[in-house]
Amino acid sequence: MYDHSHNESGEDEDEKKRSFSPEVHLEAAQLVVEQGYTVKAACDAMGVGKTTMEYCVRILRFEHTWLPF
C-alpha cells in the first residue's frame with residue numbers, strides 16, 4: 001500500500017515550508033520585543049517556527065538600536 005503522507009521528495013506534507021508576510025514577521029517579533037512574550041509563547045500565538053521567530057526578533061532588536069532619538 002502506498003503511503004500518501006509523503007511528497008515526491010520524501011518529506012511529510014505537514015513539514016512543507018510556509019511563508020509569512022513581512023507584516024506577520026514584524027507582529028510576531030513585536031510580541032517578544034515590545035510585549036514581553038517568551039519566544040515559545042510568541043511562536044504558539046502566531047504559528048511561526050522557533051528559528052523564524054528568533055530571526056525576526058534579532059532583526060527587530062537591531063532596528064530598534066538604530067531608531068533616531
Side-chain angles (χ1 to χ4, degrees):
M1 183 179 266
Y2 182 74
D3 181 4
H4 294 283
S5 65
H6 292 82
N7 61 24
E8 291 177 6
S9 67
E11 297 172 337
D12 286 329
E13 291 294 327
D14 294 338
E15 292 179 12
K16 280 186 177 179
K17 278 193 156 192
R18 295 175 294 164
S19 61
F20 296 96
S21 69
E23 294 81 14
V24 171
H25 285 147
L26 175 61
E27 185 179 342
Q30 285 173 330
L31 290 176
V32 175
V33 174
E34 297 173 2
Q35 297 184 32
Y37 278 58
T38 65
V39 168
K40 181 174 179 358
C43 289
D44 293 343
M46 297 297 296
V48 175
K50 182 177 183 264
T51 302
T52 299
M53 181 65 73
E54 290 170 339
Y55 172 77
C56 294
V57 167
R58 274 195 312 272
I59 296 298
L60 185 59
R61 285 185 173 148
F62 177 78
E63 289 175 355
H64 276 202
T65 63
W66 288 98
L67 291 176
F69 293 97

> side-chain hydrogen bond (donor to acceptor under 3.5 Å, both in side chains): which pairs involve residues 45-54, sequence neighbours left out?
Replying inline: K50-E54
>> My understanding is that only residues two or more places apart in sequence, or in another chain, count here; which of them pass side chain to side chain donor-acceptor pair (under 3.5 Å) with E23?
In response: S21
> Which pair of heavy atoms, one from V48 and one from A28, lies closest together, and at what distance?
Replying inline: CG2-CB, 4.4 Å
Please list every donor-acceptor pair under 3.5 Å in which a side-chain atom of residues 30-42 meets a protein atom from a residue at least two apart or in another chain.
{"unit_1": "E34", "atom_1": "OE2", "unit_2": "H64", "atom_2": "NE2", "d": "3.3"}
{"unit_1": "T38", "atom_1": "OG1", "unit_2": "A41", "atom_2": "N", "d": "3.0"}
{"unit_1": "K40", "atom_1": "NZ", "unit_2": "D44", "atom_2": "OD2", "d": "3.1"}

